[in-house]
Amino acid sequence: MRLLLIHADRIEYEVKGKTKFAEEIKESAKKGEMDEVLTAFISIESIDEKNPEEVADKAIDEIRDVAQKVKADNVMLYPYAHLSDDLGSPETSMEILKNLELGLKEEFNVDRAPFGWYKSFEISCKGHPLSELSRRITPSEEKEKETTAIEAEEKAKSSFYILDLNGDLHAPETFNFSEHKNLEKFYIHEFSRRRTSDKVPPHVPLMRREEIADYEPASDPGNMRYYPKGRLIKSLLEDYVLERCMEDGAMEVETPIMYDTAHPALKEYLKRFPARRYEINSEKKKLFLRFSACFGQFLMNKDMTISYRNLPLKMVEMTRYSFRKEKRGELTGLRRLRSFTMPDMHTICYDMREAMEEFKRQYRLSMDLLDDIGLKKEDYEVAIRFTRGFYDENKEFIRELVETIKKPVLIEIWEERFFYFVLKFEFNFIDALDKASALSTVQIDVENAERYGIKFVDKDGSDKFPIILHCSPSGAIERVMYALLEKGTMEDIPTLPTWLSPTQIRIIPINEEDLDYAEEIYEKIKISGIRGDIDDRDETLGRKIRDAEMEWIPYIAVIGDREKKNRNLSVTMRKKKEREEINIGDLLTIIKSETEDLPMKRLSLPYKLSMRAKFV
RNA sequence: GCCUCGAUGGCUCAGUUGGCAGAGCGGCUGACUUGUAAUCAGCAGGUCGAGGGUUCAAAUCCCUCUCGAGGCUCCA
């Protein structure tokens, strides 16, 4: 509905003739006039047909609101088709107009000009700032779409338990959390889903100060910019996670980031994230941006010829990006974004038995991979969620998962399956403000093979539907960065794993004359593929050390006359919290052993600090 | 979407009762040549988010709008 609101000293009208939609009116309604009046010119549009009652209610609120502000006691409702080029049906329009009249009658003197007549009118607008306003009112868009997923979730009755190392299931209320503080925080986070904290998460100022990532005001909220250091860390993580998946047998693929909303196979799946899509209106199609690589890979799988001999069959994509239009207030720093980079791996399995084997394997893979990234099992809590039916048949299997992580886990049991999976786990990071967010996750999907028509040929030549695993072994890469930064803020001496440190060795010459030696050392570092840089700025030693410490640089090498003479370095080892006299060869060996088998990339900034511009 | 808070130099922020727009950091220039977490001095830098109103006078009070942050909810 389009509204044009005019606060007028006076309006008067007179009907001149019928259109073919004209409503029946009494002789007395053929003329009308009002003084000190808020006149609402109204066009009802086709989109309003979706929910005429809601539109009428909203319009009543709007008109009432304005009328109160301008202190008008009289309201003239004036049907006026010329505000829109996409009009609703006359029937709906009449219905809405009558509702408006009824709804406003209690508080105002209301007159309604007849619908469907040619009319002449005269109006004198007051001309103050609020005297002319236009408004557009539309029915809330996602009303229908949302229902399925949300109703399903509400219907899904679930109960929480703690499963300990002995395989005993405890009610959380009676479980002794004293040795498992983080698990308790996680449970509270999951169960109560309610905490208030008006603090900015510590990683937010940190990501800016360290020139890692930042908000980009010119984009949509939740779309970040990454500075060279941030891009380097992110890129290393992306490479690493992808490499581990491929090592585990996954084939890397690439799929489109946008899809047609009208595609039949996608329709149902879209309900998973109701009202959370970024939409793009192309000429004829209504496209949406992917929120994972599921569609892309499933559509590819559907067209493949897959034999039982090819199973388990894995595909992976580092989705840069996946998009979810989260509500504005849900977005926070790097924890929750609207565009994010997520590794998405799918495994096509012969049957449930094979799916469970793979599930276990990917559970271990996720643990192992987070460990290399610098997130130890003390840093996250495990949730395993499944249906009652699955548990009754697979108690031992669940117990093994607990044994693998060697600590109690949170269990959620659903009375019935309400979505596409029967079993999932997540590793949840607990941050400095006691908030939990999911990192790694694997789900066993029993529904999508059939929905997408993904089949394999079995030994006997018959087509079968496989079971499909969804796996994000690290979770979103940005979220991994958030976890690393948050973890740092909880420690006395925060560190990043050496392989992820933007600068691995900082060389600090004491005097200008030491620059030659600094360059010589730098060359050796560079040749060995390690990231080193030189603080050649005209600053005091104390200042240079401080800046290096604030950057969490794992090895800070000071060189002066002494070191030059002894051909060695005075190195502050951040992790060991001590200083050592060491020669460059030995230092490189130490760093190599720490970064073995992990991705290496060159320095992302000029190696001389005097050459570096400031980003923040 | 709802609630709360905010927007002043590149960054972080101060600005009293409405009365000449400030500081620290960063930048630039110069001095200093330093031994393990901030050397000193000088200079430059502002349409106080936008529009309107009140007033002799608005960063400050009022209205509208825009943008941002946190929370609720949700998730990778």
Side-chain angles (χ1 to χ4, degrees), chain A residues 69 128-130 133 140-142 149-150 153 189-190 193-201 204-205 208-209 211 214-222 272-276 291-293 319 321-344 383 424 426-429 433 435-443 470-480 482-483 493 506 508-514 535 538-551 553 556-563 570-572 578-579 613-616:
Chain A
K69 269 190 194 143
H128 62 77
L130 283 176
L133 295 169
S140 18
E141 239 178 56
E142 306 296 341
I150 287 175
E153 241 161 274
H189 187 274
E190 275 293 304
R193 300 195 153 158
R194 217 189 131 70
R195 283 130 288 96
T196 45
S197 155
D198 46 7
K199 288 189 204 126
V200 180
V204 173
R208 305 195 63 228
R209 195 193 82 202
E211 302 194 328
D214 210 341
Y215 299 113
E216 175 49 77
S219 182
D220 200 37
R272 178 82 182 100
F273 295 98
R276 299 225 157 178
F291 36 82
S292 70
T319 63
Y321 294 106
S322 287
F323 298 88
R324 294 183 197 175
K325 192 154 184 164
E326 308 291 7
K327 291 182 213 158
R328 175 60 197 77
E330 293 168 341
L331 305 166
T332 310
L334 289 171
R335 181 173 65 197
R336 192 111 187 261
L337 297 167
R338 282 186 177 169
S339 63
F340 55 99
T341 308
M342 184 178 58
D344 203 1
K424 75 180 279 195
E426 312 126 34
F427 295 159
N428 291 273
F429 177 78
L433 301 178
K435 301 200 176 295
S437 15
L439 295 168
S440 320
T441 181
V442 178
Q443 305 160 356
H470 301 239
C471 170
S472 187
S474 64
I477 301 296
E478 294 84 354
R479 191 171 276 185
V480 169
Y482 138 82
I493 300 186
R506 163 74 42 87
I508 302 184
I510 295 174
N511 283 306
E512 266 174 53
E513 300 83 70
D514 304 320
D535 193 344
D538 183 17
E539 297 287 350
T540 56
L541 177 63
R543 178 50 184 270
K544 294 185 195 179
I545 295 286
R546 177 171 194 266
D547 288 349
E549 297 280 13
M550 302 245 297
E551 283 187 60
I553 293 172
I556 303 171
V558 172
I559 56 177
D561 291 345
R562 236 169 30 223
E563 289 76 16
S570 167
V571 179
T572 302
E578 60 186 40
R579 209 153 75 218
K614 295 224 153 23
F615 284 90
V616 185

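Each chain gets a letter, A, B and so on, in the order the sequences are listed, and its residues count up from 1.
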At 4.0 Å (heavy atoms only), tell me whether [X] reaches a base, stays on the sugar-phosphate, or touches nothing.
{"X": "A:Ile477", "result": "nothing"}
{"X": "A:Pro221", "result": "sugar-phosphate"}
{"X": "A:Thr572", "result": "base"}
{"X": "A:Gly222", "result": "nothing"}
{"X": "A:Gly542", "result": "sugar-phosphate"}
{"X": "A:Asp561", "result": "base"}
{"X": "A:Leu331", "result": "sugar-phosphate"}

OP1 or OP2 of [N] sitting under 4.0 Å from any side-chain N/O of [X]?
{"X": "A:Lys544", "N": "B:U36", "result": "no"}
{"X": "A:Arg208", "N": "B:U12", "result": "yes"}
{"X": "A:Thr332", "N": "B:G71", "result": "yes"}
{"X": "A:Arg543", "N": "B:C40", "result": "no"}

Open item on the list: So which atom in A:Phe291 and which in A:Phe340 form the shortest heavy-atom distance, rounded to 0.1 Å?
Closed with: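 Closest heavy-atom pair between A:Phe291 and A:Phe340: O-CZ, 4.3 Å.
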
Task: Heavy-atom closest pair, residues A:Val571 and A:Ala557 - done: CG2-CB, 4.0 Å

Given the structure, check if the side chain of [X] and the base of [N] hold any donor-acceptor pair shorter than 3.5 Å.
{"X": "A:Thr540", "N": "B:U33", "answer": "no"}
{"X": "A:Glu563", "N": "B:G35", "answer": "yes"}
{"X": "A:Arg335", "N": "B:C75", "answer": "no"}

Open item on the list: Between A:Ser437 and A:Tyr482, is there a side-chain donor-acceptor contact under 3.5 Å, judged purely by atom types and distance?
Closed with: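 Their side chains do contain a donor-acceptor pair, which is all the 3.5 Å distance test asks for.
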
Open item on the list: For A:Lys424, is there an ion pair with A:Glu426 - N to carboxylate O distance below 4.0 angstrom?
Closed with: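 Salt bridge between A:Glu426 and A:Lys424, a charged N being under 4.0 Å from a carboxylate O: yes.
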
Open item on the list: Closer than 4.0 angstrom, basic N to acidic O: yes or no for A:Lys614 and A:Glu211?
Closed with: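 Looking at A:Lys614 and A:Glu211, the cut-off is not met.
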
Open item on the list: With a 4.5 Å cut-off on side-chain heavy atoms, are A:Tyr215 and A:Pro221 touching?
Closed with: no

Task: Base-paired stems in RNA chain B, each at least three Watson-Crick or G-U pairs under 3.5 Å - done: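 RNA chain B stems, ordered by first number: B:1-7 with B:66-72, B:10-13 with B:22-25, B:27-31 with B:39-43, B:49-53 with B:61-65.
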
Task: Stacking of A:Tyr215 on B:G68 base (centres under 5.5 Å, planes under 30°) - done: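 Taking the rule of under 5.5 Å and under 30°, the ring of A:Tyr215 does not stack on B:G68.
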
